Amino acid sequence: MAVLGVCGLQWGDEGKAKVIDYIFNSGYRDPLSETDFRNPKVVARYQGGANAGHTIVTPAGIKIISHQIPSGITRQGVYNLSLPGVVLEPKRLVDEIRDFEKNGYPVTPDNFGIDGRASVTLLFHRTEDGWKGGRFGENRLGTTGNGIGPTYADRALRTGVTFAEFLDEDAFAEALRNNQEETGRKFDIAAYLDDYREARHALRPFLVDSCPMLIGSTSEPWILEGAQAVMLDVEWGSYPWTTASHPSRPPLSTDFRIGIAKAYTTRVGEGPFPTELGGETGDFLRERGGEYGATTGRPRRCGWLDANLLNYAVRVNQANGFSSIALTKLDVLSGLKEIKVCVDYKDPTGNLVSIPMKRGDWKRVVPIYETFEGWSQDISGVRRFEDLPIQAQHYVRQIQFRADEPISLISVGPKAEQTFAIQI
Ligand code: IMP
């Protein structure tokens, strides 16, 4: 039995689906315990909702963007599960299921299930989130506009609608009435019942109780797939510029953890980003790395790797089990004369400071950089650590040193075969 948790270590979009794809193809050898994890049978998402997005390229070259369905859905014999921690947008989920089916990947109760305790995102949640991220001015969050915060807020207030309630017309009506009474929201209950009827019908077969399956997890390898990343975690991230859930807290104890980090840093939406680069180098990373959001299409903000935050995220992610880092998109840095890495923060007077806990402090931190010599070679064809240019090897070793955790995988391009295992 083995449970492997996969979580982003920065502000999301690190390439989690790509690493999961690699694990399906090649397995994973944990560098510390020297134990293997192979042939996952279940991929379970434990938080987040339609705010996540990963791109799947079919063998026919068609791009499908999956937001709510776990990333094992294109694999034969793999069961995909949405655990109680997720929030689901029903109509978009139906569209997503149809999109997969249209492209030759049937989504049926045999390969997909949703725990009845998951919460449902409704139209009023999305309206309140505001298409462009809700709040304005200094406090603007730049959310994905998918109603994620309002849905989790309703859950915490105990005024939300569970997936099981959503599917049962009477229970749905009762939950909506309760929501109106408790929150004072104004909406037409009859219109909601009508409007979601088709989605209820389409999603009914996917209702499951995952509790007995968790017991089953003792005999089969599971991947617990996190959406977003540690720095977007509402507890451990750059609060309040975070999402509303807990990417760094999988609900089952894990035997292994892989934290994913890009070889540089990106962020979408508002919020602190000490190593952000404007100008030419920022544009270089955005264009070379194709840094545009899979969910909103927004250009991602780009900057140098923040190894100070990476070290913090590794500690947060390491709660239990063996863990290592998958370092993605190393190829994007090829061609830069020099590459910087933030190794610490100081305040404007030059004193070293730790990871901020107050929103104002985030704006005052100044990164302290270490500078590395770049490399000019195209490394997208490299498949062994020893074949990387010596400067790239040095860069990877220094990241491992700063993060204080083994790097087990490197990716040098978007294709599955461009990810390889290393041991350094
Ligand atoms: P929300 O999750 O839509 O409420 O957005 C809150 C913050 O998290 C915003 O800065 C979003 O851009 C960011 N965010 C949410 N999901 C993702 C993701 O999958 N990748 C990157 N950023 C995300």
Side-chain angles (χ1 to χ4, degrees), residues 6-19 22 229-231 258-268 273-277 280-292 300-314 317 324-343 367 369-424:
V6 175
C7 176
L9 293 173
Q10 295 161 316
W11 278 292
D13 311 310
E14 295 91 350
K16 292 176 280 284
K18 186 168 58 177
V19 171
Y22 171 84
V230 173
M231 293 315 300
I258 302 184
I260 326 256
K262 275 184 213 184
Y264 49 98
T265 310
T266 64
R267 164 157 220 178
V268 252
F273 185 170
T275 62
E276 182 168 13
L277 286 166
E280 236 175 71
T281 317
D283 291 346
F284 174 92
L285 293 174
R286 187 173 311 103
E287 295 315 314
R288 282 287 292 275
E291 299 295 354
Y292 293 88
R300 295 180 185 140
R301 299 156 64 194
C302 298
W304 297 123
L305 181 77
D306 190 335
N308 191 32
L309 274 191
L310 184 61
N311 180 285
Y312 166 82
V314 157
N317 190 44
S324 73
I325 298 173
L327 188 70
T328 59
K329 292 194 152 183
L330 186 63
D331 56 303
V332 172
L333 300 178
S334 294
L336 288 170
K337 275 212 167 54
E338 56 178 36
I339 303 169
K340 294 187 182 190
V341 170
C342 167
V343 294
Y369 286 114
E370 208 171 295
T371 303
F372 298 94
E373 193 188 332
W375 60 91
S376 55
Q377 299 92 317
D378 172 10
I379 60 170
S380 58
V382 171
R383 299 292 177 267
R384 296 187 321 164
F385 182 74
E386 311 79 86
D387 296 338
L388 287 170
I390 199 75
Q391 298 88 339
Q393 291 187 22
H394 181 61
Y395 184 68
V396 173
R397 282 186 203 280
Q398 286 305 305
I399 295 171
Q400 175 168 284
F401 167 70
R402 290 286 171 189
D404 196 19
E405 185 167 75
I407 295 178
S408 58
L409 298 172
I410 288 191
S411 91
V412 290
K415 298 194 190 116
E417 66 269 20
Q418 286 173 304
T419 299
F420 56 93
I422 66 166
Q423 196 154 20
I424 52 172

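Since the structure is predicted, the reported quantities are computational estimates derived from the model, not experimental observations.
Using a distance-only test at 3.5 Å, with no hydrogens or angles considered, a donor-acceptor pair links the side chain of E14 to the main chain of G12. A donor-acceptor contact shorter than 3.5 Å is absent between the side chain of S334 and the backbone of S376. For D387 (side chain) and V382 (main-chain N/O), no donor-acceptor pair under 3.5 Å exists by modelled atom type. Side-chain atoms of Q393 come within 3.5 Å of backbone N or O of F385 as a donor-acceptor pair.
Put simply, the side chain of C342 does not reach to within 4.5 Å of the side chain of W304, judged on heavy atoms. In this structure, the side chains of R301 and W11 stay at 4.5 Å or more apart for every pair of heavy atoms. For the pair E370/Q398, a side-chain contact is recorded, criterion being any heavy-atom separation below 4.5 Å from C-beta on. Side-chain contact check for L305 versus I339: every heavy-atom pair is 4.5 Å or farther apart. Between T266 and Q10, the closest side-chain pair of non-hydrogen atoms is not below 4.5 Å. Contact annotation: the side chain of K262 approaches that of D13 to within less than 4.5 Å [non-hydrogen atoms, C-beta and beyond]. Taking 4.5 Å as the limit, some side-chain heavy atom of R383 sits within range of a side-chain heavy atom of V412.
Applying the side chain to side chain donor-acceptor pair (under 3.5 Å) test to residues at least two apart or on different chains, the pairs with a partner in residues 410-424 are K18-S411.
Here the shortest heavy-atom pairing between A403 and V314 reads O-CG1, 3.8 Å. Minimum heavy-atom separation, R402 to V343: NE-CG1, 3.3 Å. Closest heavy-atom contact between N317 and G259: ND2-CA, 3.9 Å.
With a 6.0 Å radius and a threshold of 12 heavy atoms from other residues, nucleotides or ligands, E280 has its CD atom at or below the threshold.
Under the side-chain contact (heavy atoms from CB on, under 4.5 Å) criterion, R286 pairs with D283, E291, Y292, P299, C302, sequence neighbours left out.
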Go through the steps for Y395 and L333 under the test side chain to side chain contact (heavy atoms under 4.5 Å, CB included), then give the verdict. CA-CA 11 Å; Y395 184 68; L333 300 178; 3.5 Å; yes
Go through the steps to decide whether L9 and I260 satisfy the test side chain to side chain contact (heavy atoms under 4.5 Å, CB included), and finish with yes or no. CA-CA 6 Å; L9 293 173; I260 326 256; 5.8 Å; no
Apply the test side chain to side chain contact (heavy atoms under 4.5 Å, CB included) to residues L409 and I325: give CA-CA distance (whole Å), side-chain angles for both, the deciding distance (0.1 Å), then the verdict. CA-CA 7 Å; L409 298 172; I325 298 173; over 6 Å; no
Working for side chain to side chain contact (heavy atoms under 4.5 Å, CB included), residues F372 and V341: CA-CA 8 Å; F372 298 94; V341 170; 3.7 Å; yes
